[in-house]
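Worksheet: one structure, shown below.
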Amino acid sequence: MLLLRTRTALKGSRTGLRAVTVIGCVLLVVNLVEAVLPGAFPPWMRVEMLFIAAMMAALAAASFRARRNSPAGRR
């Protein structure tokens, strides 16, 4: 789903860019919550979740910046 929305966003679609932002933020929060649950996952999986959360934070930051700076992101 994220890949399809990313393609749409790269073509200049405002809804595609908004969807990428929302998906990235949701995945960021979910991975952070899962990583801090005590005893739910092994340590190597927690590291993986934190890494994915960091990637989603970068994606969210880039999409926020793109929405702010692009003509498609202006209302």
Check your understanding: Are F64 and M56 joined in one hydrophobic group, where the rule is that I, L, V, M, F, W and Y side chains link up if heavy atoms are under 4.5 Å apart?
Key -> no
Review point. Is there a path from L32 to M49 through hydrophobic residues (I, L, V, M, F, W, Y) whose side chains come within less than 4.5 Å of each other?
Key: no
Practice item. Identify the residue among I23, V30, V29 that makes a side chain to side chain contact (heavy atoms under 4.5 Å, CB included) with V26. Key: V30
Side chains of residues 37-47: which donor-acceptor partners sit under 3.5 Å, not counting sequence neighbours?
unit_1	atom_1	unit_2	atom_2	d
R46	NE	F41	O	3.2
R46	NH1	A35	O	2.5
R46	NH1	L37	O	2.8
R46	NH2	L37	O	2.7

Review point. Does any pair with a residue in residues 47-64 pass side chain to side chain donor-acceptor pair (under 3.5 Å), and if so which ones, sequence neighbours excluded?
Key: T21-S63
Exercise for review: Would you sort out whether V20 and L59 count as a side chain to side chain contact (heavy atoms under 4.5 Å, CB included), showing the intermediate values?
Suggested key: CA-CA 8 Å; V20 168; L59 174 75; 3.9 Å; yes
